[in-house]
Amino acid sequence: MRSTKHNQMQVGIEALGMYVPRYYLPLRDLAAARGVAPGKFLQGLGQEEMGVPPPDEDVVTMAANAAREALAVVDTDSIDTLMFATESGIDQSKAAAIYVHHLLQLPKYCKSFEIKQACCGSTAALQMALAIVAQRPERKVLIVASDVARYGFNTPGEPTQGAGAVAMVISATPRILALEPEWGAYTEDVMDFWRPNYLDEAVVDGKYSIKVYLKALAESWTQYVAESGRTLAQHDRCCYHLPFTRMAHKAHQHLSKLAGGDPADVTLLADSLQYNRRIGNSYTASLYVGLLSLLETAATDLAGQRLGLFSYGSGCMAAFFSGVVMKGYRKHLQPDRASVDLDTRHRLTVELYEAFYRHELPRDGRRYRTPVNETGNFRLSGVEGHKRLYESCAPVARLVPETPRAPVRRVGGGYCIA
Ligand code: CAA
């Protein structure tokens, strides 16, 4: 049983929630449509399915749904701050957090804002949340991490697209994971993946991004070791940022070579990869989807075990940190999530995936209502006067998706750098 070094007080994750779109595309179908051997996507990248949001779903609705789950057992009056981490922002000025604050009817004194540093924004939020809770232990912080990963048709990044959201309540009563105070961080100005304001898809130098990810892992690990004095063997499991699940294998092998572990042994990663393999990249949420996957699918009780966590945000900033799993954590999670949330999703054809992907909201301020597809408890009902309109709704099963009627956008050949 590991013990944390937070002196008297523990801070960490009290509650977790997750939401994924109700539609998916099997990557075997995408491979056939793109004339690629399926083994490249399924084994080479380690991805099986890709979550695809319908036109009436965006980062706000996904985040609100995830937060609804996380808050089910938390007194919302205790939420002091709502931080929304995303790199699929919907507005240059107004924070997506404000919409979530409204949809969930959080207290008016709850501060709400958005945070950005690619996929690492959620982890930056987490570190800030720990400081807030350490200063005022009676307050709690809600973090939502929500993203839609878009690279474009026929690009190398296309099979690594995905979408999803995770919500975390950070408090001084961590019922799931107590976070430890030592953090190793790393920042370097690199152009491995970015999205200028005028593009809907990311620009990515794929092979280079993998190199930078691995360098940032080594650097932040070294810094973490300097602070904590721990060895890799003192971490029972590791969770990595997951742009695609094979990246975790590459990361763990790289770290093991550096830190004296067995680079050939990636067996203990398997539980943390199950959800991402079926959801795809969810950028800011991705590491925490992996954490949930580990906690909810591991056959053994992980209570007392130390987890090493690696967060990577292109551009780049990275962090290596750790936490100890709390006794009784399973009571606060959803062990049947795969059968409830993933197995019940609707399978799209490649044609429908492309129609969903091409959909865009009018940009001229006119009134427009989005077609009704299956969502969670919130949906983007339309736009009017350049304002996005959200509504609460009861989830409705819809087997035949409504294809978008809005003007469709030209999608070029993507912006990947070969
Ligand atoms: N059967 C089995 N495996 C096969 C295969 C087959 N038929 N054909 C190819 N493969 C293997 C390849 O050998 C390769 O494996 P290794 O990496 O072990 O060598 C793997 O499949 C992928 O093949 P390629 O390297 O040829 O693939 P690619 O160049 O077309 O694209 C990619 C790979 C660069 C990752 C691309 O998907 C991409 O650009 N993705 C987006 C960027 C990304 O995810 N970067 C990760 C780090 S950055 C980050 O983490 C931030 C973030 O969230 C974006």
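Numbering of residues begins at 1 and proceeds along the displayed sequence. In each ligand, atom 1 is the first atom listed, and ligand 1 is the first ligand listed. FYI, side chains are in, hydrogens and waters are out, and symmetry mates aren't considered; it's all heavy atoms of this structure.
- An N or O contact shorter than 3.5 Å links H241 to ligand 1 by distance.
- Close contacts of ligand 1 with G206, meaning ligand atoms under 4.0 Å from a residue heavy atom, involve 34 (C), 39 (O).
- Between E296 and R337 there is a salt bridge, with a side-chain nitrogen of the basic residue lying less than 4.0 Å from a carboxylate oxygen of the acidic one.
- Annotation: Y151 places no N or O atom under 3.5 Å from an N or O atom of ligand 1; distance criterion only.
- Note: an N/O pair closer than 3.5 Å links N281 and ligand 1 by distance alone.
- Side chains of S311 and T123: a donor on one and an acceptor on the other come within 3.5 Å.
- Ligand 1 places these atoms under 4.0 Å from at least one heavy atom of F193: 54 (C).
- Between F310 and Y213, the ring center distance clears the sub-6.0 Å criterion.
- Tested against R22, the residues T375, T344, D341 include a single side chain to side chain donor-acceptor pair (under 3.5 Å) partner, T344.
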Check your understanding: How far apart are the C-alpha atoms of R34 and D29, what are their side-chain angles, what is the distance that settles it, and do they pass the salt bridge (charged side-chain N to carboxylate O under 4.0 Å, His left out) test?
Key -> CA-CA 9 Å; R34 302 294 182 244; D29 296 355; over 6 Å; no
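- Listed by number with element, the atoms of ligand 1 under 4.0 angstrom from any heavy atom of V204 are 42 (C).
- Each of the following atoms of ligand 1 lies closer than 4.0 Å to a heavy atom of K250: 16 (P), 17 (O), 18 (O).
- Salt bridge status for K140 with D80: absent, with no side-chain N to carboxylate O gap under 4.0 Å.
- Atom NZ of K215 sits about 12.0 Å away from atom NZ of K211, to the nearest 0.5 Å.
- Residue F244 has at least one heavy-atom neighbour below 4.0 Å for each of these atoms of ligand 1: 35 (C), 44 (O), 46 (C).
- Of all atoms in ligand 1, listed by their number and element, those nearer than 4.0 Å to a heavy atom of G44 are 3 (N), 11 (C), 20 (C), 21 (O).
- Geometrically, ligand 1 and R246 share a nitrogen or oxygen pair separated by less than 3.5 Å.
- Considering backbone and side-chain atoms together, Y213 places no N or O closer than 3.5 Å to any N or O of ligand 1.
- Geometrically, K250 does not engage Y240 in a cation-pi contact defined by less than 6.0 Å to the ring centre and at most 45° from the axis.
- An N or O contact shorter than 3.5 Å links S209 to ligand 1 by distance.
- Near A37, meaning under 4.0 Å from one of its heavy atoms, ligand 1 places the atoms 7 (N).
- By heavy-atom distance, the residue among C316, A202, S314 lying nearest atom 51 (C) of ligand 1 is S314.
- Between K40 and ligand 1, at least one pair of N/O atoms sits closer than 3.5 Å.
- Y99 does not carry R388 over the face of its six-membered ring by the limits of under 6.0 Å from the centre and within 45° of the normal.
- One option in A216, A251, P156, P243 has a heavy atom closer to atom 36 (C) of ligand 1 than any other, and that option is P156.
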Exercise for review: Check step by step if side-chain hydrogen bond (donor to acceptor under 3.5 Å, both in side chains) holds for E182 and S228.
Suggested key: CA-CA 6 Å; E182 301 85 8; S228 68; 5.7 Å; no
